[in-house]
Amino acid sequence: MDYKSFNIDREELQPYGLTCERWLPRIMARTDRHNEIELNLIRRGSVSYFFRDRIVTVPSGKLAIFWGLIPHKVIAHDTEDYYFVCTIPLSMFLNWRLSESMVKKIFAGEILVDGSECLGTFEEFMFSQWEHDFSSNTNRLASILEIKARLLRFESQYTILSENPLSSSPTHTKIEKMTLFIAQNYREILTVKEISDVVGVTPDHANAIFKKTFGHSLMRQVMIERINHAQRALLFTDDPIYSIAMDCGFSSISCFNTAFRNLNNCSPSDYRKSHHNITD
C-alpha cells in the first residue's frame with residue numbers, strides 16, 4: 001500500500017484536488033496551505049496540529065473537518081498507523097450549500113469534529129471506499145454524493161475542537177501568544193517589535209522561533225490573516241473590493257492586490273467571479 005506524507009518541497013497553495021488517501025503521521029517541517037476543505041479520520045491514537053493560533057489534537061475515530069487554507073502543521077502524534085485524508089475542492093464544497101452556520105465556522109478557522117459515538121468502523125469503511133473509487137476512477141460520482149451526504153449528517157452533530165492545554169512548551173506558548181495577537185489585531189498597523197513585545201523577546205528571536213514552526217515570517221503571517229479575511233468577504237459579501245482591502249488592514253488597494261495575487265495567483269475580482277455562481 002502506498003502511503004502519503006507531507007512533501008516539504010511542495011509549492012505553497014498547490015492544489016491537492018479531489019482526493020482520498022492514506023497518510024502516515026509525520027512531524028511537518030513547515031506549515032501547509034491549500035484551498036481545499038480537508039477531512040481527517042485518525043484510526044488509532046491521535047494527531048496534534050499547530051493550527052492558526054493554537055495547538056489542537058484530533059482524536060481517533062472522529063471525522064474532523066477544516067479549511068486547508070488556514071496554515072496547519074502536524075507537530076505531534078502518538079501513533080505510527082496510517083490515517084485517512086480527504087480533500088474537497090472549495091468550489092465543490094460551496095456548491096453543496098451546506099449549513100451556513102457550519103460553513104462559516106470552518107472559514108473562520110475552526111476544526112470541527114463529529115460529536116456522535118461509535119462511528120469509527122463505519123467511517124473507516126467509507127473512507128476506504130472513497131479511496132478505492134478515486135484511485136481507480138470508478139464510481140466517482142457515487143463517492144462524491146456519499147461525501148456530501150456524510151457532511152449533511154455532520155451538520156447536526158459536530159462540535160468545535162478545543163485547544164489542547166497539554167501540548168504547550170515555553171516556545172509553543174510564545175508562538176501561540178504571537179499568532180493569537182496577530183489574529184486579533186491584523187487590521188491594525190503592526191510591526192515585528194509590537195508582536196515580539198507581547199512575549200518579551202527581541203524581534204529577531206521572535207521571527208526566528210516563528211519561522212522555525214511556520215516556515216514564514218511574522219509579517220507574512222499578518223498578510224495571511226488579512227488575505228483570509230478578504231477571501232471570506234469576497235465569498236460571502238457584496239462589499240466593494242476597495243472597502244474589503246481597507247477593512248483587512250491594507251494601506252492601499254495596490255498593496256492589497258499584490259498581496260492577494262501573491263497568495264492566490266489571481267486578482268481579488270477574479271477570485272470573486274470564479275465563485276460568484278456558487279455562493280449566490
Side-chain angles (χ1 to χ4, degrees), residues 4 6 10-23 32-41 51 58 62-72 83-114 119 122-158 227-238 260 263-280:
K4 301 287 185 178
F6 179 66
R10 84 177 239 106
E11 183 179 346
E12 186 176 49
L13 294 175
Q14 180 182 343
Y16 285 99
L18 179 62
T19 69
C20 188
E21 299 170 319
R22 302 181 191 215
W23 283 61
D32 192 18
R33 294 182 70 238
H34 54 89
N35 201 17
E36 287 102 356
I37 302 301
E38 182 168 329
L39 279 58
N40 282 185
L41 179 66
F51 191 80
V58 180
K62 297 283 189 179
L63 177 62
I65 303 176
F66 60 89
W67 189 18
L69 197 69
I70 306 297
H72 55 282
Y83 64 104
F84 286 103
V85 175
C86 180
T87 56
I88 306 167
L90 183 63
S91 58
M92 179 180 290
F93 177 77
L94 290 172
N95 199 43
W96 289 345
R97 300 184 183 277
L98 299 166
S99 158
E100 181 179 354
S101 173
M102 182 181 80
V103 170
K104 284 186 174 180
K105 287 182 175 66
I106 292 172
F107 286 136
E110 301 290 355
I111 298 182
L112 307 184
V113 292
D114 198 293
L119 282 174
F122 170 76
E123 299 283 21
E124 187 172 341
F125 169 77
M126 294 306 299
F127 271 82
S128 295
Q129 187 65 58
W130 302 336
E131 176 195 30
H132 173 268
D133 290 347
F134 292 155
S135 63
S136 63
N137 204 28
T138 58
N139 297 319
R140 286 173 62 87
L141 178 58
S143 282
I144 290 169
L145 292 174
E146 286 170 354
I147 294 171
K148 177 183 177 181
R150 180 65 188 91
L151 295 187
L152 284 169
R153 293 185 184 279
F154 186 89
E155 289 178 341
S156 63
Q157 56 198 23
Y158 69 83
I227 297 303
N228 284 345
H229 177 128
Q231 287 172 313
R232 293 192 293 270
L234 289 166
L235 286 173
F236 298 110
T237 76
D238 294 320
F260 195 94
L263 288 181
N264 293 282
N265 297 317
C266 68
S267 68
S269 59
D270 286 343
Y271 185 88
R272 173 175 269 173
K273 288 175 185 176
S274 68
H275 296 91
H276 179 71
N277 64 330
I278 297 167
T279 54
D280 280 349

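Computed from heavy atoms alone, side chains included, the values below leave out hydrogens, waters and symmetry copies. Every value quoted in this text rests on a predicted model; they were computed, and no experiment measured them.
Ring pair F127/F84 is tilted by interplanar angle, where 30° to 60° counts as tilted. Taking the six-membered ring where the residue is Trp, H72 and F51 present tilted rings, their angle falling between 30° and 60°.
The two atoms that bring L41 and E124 nearest to each other are CD2-N, 3.6 Å, heavy atoms only. Between F6 and W23, the shortest heavy-atom contact is N-CZ3, 3.4 Å. What you find for R33 and L69 is that their closest heavy atoms are NE-O, 3.0 Å. Here the shortest heavy-atom pairing between D114 and F154 reads N-CE1, 3.4 Å. Across W130 and S143, no two heavy atoms sit closer than the pair CD1-OG, 3.4 Å. Heavy-atom minimum distance, L18 versus I88: CD1-CA, 4.4 Å.
Shown here are the side chain to side chain contact (heavy atoms under 4.5 Å, CB included) partners of S156, two or more places apart in sequence or in another chain: there are none. Legend: residues meeting side chain to side chain contact (heavy atoms under 4.5 Å, CB included) with K148, ordered by chain and number and at least two apart, are W96, L152. Applying the side chain to side chain contact (heavy atoms under 4.5 Å, CB included) test to V113 and every residue at least two apart in sequence or in another chain returns A64, T159, L161.
Considering CZ of F260 and CG of N265, their distance stands at 10.5 Å, rounded to 0.5 Å. To the nearest 0.5 Å, the span separating OG1 on T19 from CD on E38 amounts to 8.0 Å. L151 CG to I37 CD1: the interatomic distance, rounded to the nearest 0.5 Å, is 9.5 Å. F93 CZ to I65 CD1: the interatomic distance, rounded to the nearest 0.5 Å, is 7.0 Å. Distance check: M126 CE to C20 SG gives 10.0 Å after rounding to the nearest 0.5 Å. Rounding to the nearest 0.5 angstrom, the gap separating the CD atom in E36 from the CZ atom in F66 is 11.0 Å.
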- Message: Working note: S101 + K105, criterion side chain to side chain donor-acceptor pair (under 3.5 Å); need CA distance, chi angles, decisive distance, verdict.
- Response: CA-CA 6 Å; S101 173; K105 287 182 175 66; 2.9 Å; yes
- Between V58 and Y83, does a side-chain contact (heavy atoms from CB on, under 4.5 Å) hold up when you go through it step by step? CA-CA 11 Å; V58 180; Y83 64 104; over 6 Å; no
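A salt bridge does not link R150 to E146: none of the charged nitrogens lies less than 4.0 Å from a carboxylate oxygen.
The side-chain tip of R10 points at the ring of Y16 from less than 6.0 angstrom away and within 45° of straight on.
In this structure, T87 contributes its side chain and G17 its backbone to a donor-acceptor pair below 3.5 Å.
In this structure, R153 places its CZ atom where only 12 or fewer heavy-atom neighbours from other residues, nucleotides or ligands lie under 6.0 Å away.
Taking 4.5 Å as the limit, every side-chain heavy atom of Y158 sits out of range of all side-chain heavy atoms of L63. Between E155 and L112, every side-chain heavy-atom pair lies at or beyond the 4.5 Å cut-off.
No hydrogens or angles considered: nothing links the side chains of N35 and Q231 as a donor-acceptor pair under 3.5 Å.
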